[in-house]
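Within every chain, numbering begins at 1; the chains are lettered A, B, ... in the order of the sequence lines, protein sequences first and strands thereafter. Note that these values count all heavy atoms, side chains included, but never hydrogens, waters or copies made by symmetry.
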Protein chains: 2
Amino acid sequence: MSDTKYVAIVDDHTLFRKGLASLIAVFPDYKVMFDASTGKDFIAQLNPKKLPDIVLMDISMPEMDGFATTEWLKNNYPDVKVLALSTMDAETAIIKMIKCGAKGYVLKDADLSELKLAFSELIRVGFYYNDIVSRKVMQSLTQLVDDKSELSAFMNLNENELTFIKLACSEKTYQQIAKEMFKSEKTIDGYRADIFQKLNISSRVGLAMFAIKHGIVKV
Amino acid sequence: MSDTKYVAIVDDHTLFRKGLASLIAVFPDYKVMFDASTGKDFIAQLNPKKLPDIVLMDISMPEMDGFATTEWLKNNYPDVKVLALSTMDAETAIIKMIKCGAKGYVLKDADLSELKLAFSELIRVGFYYNDIVSRKVMQSLTQLVDDKSELSAFMNLNENELTFIKLACSEKTYQQIAKEMFKSEKTIDGYRADIFQKLNISSRVGLAMFAIKHGIVKV
DNA sequence: TTAAAAAACAGGAATTATCCTATTTCATAA
DNA sequence: TTATGAAATAGGATAATTCCTGTTTTTTAA
């Protein structure tokens, strides 16, 4: 009994996406339903009457990233299994993807047989965790014991706070930032205080360092 | 007269590499000779008796990156045309690749027809430059002129100033920094003022951003 | 040795950032 | 409707930063 399973691919790099589709095309029992360049595009193409079994999901994308899309799927179609695609250098991103509901992850430098294995494990037992990556993630998790609050706090930052942080990583004064966000200076000061407490920091420079370290702002 | 052209692929992401190979396999007139995960691997597989016409080269790789490998090719087999693969957010990397001898570049989110066009242009006229990317690169080139003064200012920082900058990228107050450097607070303030003027910045956060951007401090 | 330049240091003012403790507004679940 | 909690807003105090305009000390070069 080998009924065909359906796969969707979400990645903003066309060459990668199409290449992957071309590879999966030769898998027996698997068929690429469609591919999308962003989470938004993916949701637009999704047909509730005929859902994919597996979604190969990249993390960084314009419009709607892998985190948001995975979370959306968890809330709307929890039976669709998300397999996160990532690179080794994005450990915290992997952790975040799992929290968002990804059922497994494969590295972009995995080989074809591993992808196949990941597929069949996803179908068979519902999840797939590569040993090497798991160990890496565990390592960074235990390594982050001190940073644990930092990490979970990072997850708990809301939109306003993230916007504020980005603006704070500049030479703008809080007064200017308040204007730019259409909020009072006191509200901005409240954001600052909340963030300082959440992230356990005590100065704007510390905030800037944190933001860069965690990719909230790019240098 | 359509004689077959040979292509090699160098990229450390196996899925991307194999996917790309699978895509190119359907191009008429092009054939993937081999693929490699690093520059070192590529050179090891290279047969001087039968060189590829085109090398699709990623930039970031372990062991030997795209820059070094492209330069090596320029010095050893200048007739082999390197087509750089990159993402939009790596402008300076693209410029560096061109300086290393790449004959063209395509973005990873290009589509198949553009890749095909790049191939044929490489064969026909010897180079390929995508308009959008070209414009981006030109932009960042002119921007580099502005950064030049910034850069030379960076060179003119003395030991004390560099020490101060490193300490300033923290939650320490200037008072604490003064103690740590065995200088008076006023001397520290003088360092700060000089640095602000030299680097044309106006706040400690700006200084921290500069320091990270230029590798004075690591995140 | 001496003049010039560079480095260290200072007083004081203005601005910004930080840190308290409240109150008001608003959506939303009971 | 009302209770509840989160988000926004405030006043006011203190600390830190930024920005002036100087003087003193040390180094360097003629």
Original post:
What integer distance in Å separates A:Ile188:CD1 from D:dA10:P?
Top reply: 12 Å
**OP:** May I ask you to check whether over 12 heavy atoms, not counting those of A:Gln45, lie within 6.0 Å of atom CD?
**Re:** yes
Subject >> A:Glu159 CD - D:dA7 C1' separation (whole Å) >> reply: 15 Å
Original post:
Aromatic rings A:Phe210 and A:His214: how do their planes relate, parallel, tilted or perpendicular, breaks at 30° and 60°?
Top reply: parallel
Original post:
Quick one: what's the B/S/- string for nucleotides 12-26 of chain D, heavy-atom cutoff under 4.0 Å, read 5' to 3'?
Top reply: B---SSBB-------
Subject >> For the student: nearest non-hydrogen atoms of A:Gln176 and A:Glu171, plus distance >> reply: OE1-O, 4.2 Å
Original post:
For A:Arg204, what residues pass the salt bridge (Lys or Arg N to Asp or Glu O under 4.0 Å) criterion, not counting sequence neighbours?
Top reply: none
Original post:
Does the B:Glu114 side chain pair with the main chain of B:Asp111, one donor and one acceptor, at a distance under 3.5 Å?
Top reply: no
**OP:** Remember a base hit wins even if backbone is also touched, and classify A:Phe182 as base, sugar-phosphate or nothing at under 4.0 Å, heavy atoms.
**Re:** nothing
Subject >> Between P of D:dT9 and NZ of A:Lys183, the distance in whole Å >> reply: 7 Å
Subject >> A:Cys169 versus A:Val217, closest heavy-atom pair with distance >> reply: SG-CG2, 3.8 Å
Original post:
Angle, rounded to 10°, between the helical axes spanning five pairs at each terminus of the helix from C:dT1-D:dA30 to C:dA30-D:dT1?
Top reply: 30°
Original post:
A:Glu185 has an atom CD; how far is it from atom P of D:dG11, in whole Å?
Top reply: 11 Å
Subject >> Heavy-atom closest pair, residues B:Leu83 and B:Tyr105 >> reply: CD1-N, 3.7 Å
**OP:** Look at all strands and tell whether A:Ser184 reaches a base, only sugar-phosphate, or nothing, counting heavy atoms closer than 4.0 Å.
**Re:** sugar-phosphate
**OP:** Give a yes/no on whether any side-chain N or O of A:Tyr191 is located under 4.0 angstrom from OP1 or OP2 of D:dA7.
**Re:** no
Subject >> ring-ring contact (aromatic ring centres under 6.0 Å, His included) against A:Phe42, all qualifying residues, sequence neighbours excluded >> reply: A:Phe34
Subject >> Matching residue for A:Arg17 among A:Asp11, A:Asp12, A:Asp35 - test: side chain to side chain donor-acceptor pair (under 3.5 Å) >> reply: A:Asp35
**OP:** Name all residues meeting the ring-ring contact (aromatic ring centres under 6.0 Å, His included) criterion together with A:Tyr6; count only those two or more places apart in sequence or in a different chain, and write none if there are none.
**Re:** none
**OP:** Using the heavy-atom set of chain A and a strict 4.0 Å cut-off, write down the first and last nucleotide of DNA chain C that makes it in, 5' to 3'.
**Re:** C:dT16 to C:dC19
Original post:
Do the ring planes of A:Phe119 and A:Phe27 sit parallel (below 30°), tilted (30 to 60°) or perpendicular (above 60°)?
Top reply: perpendicular
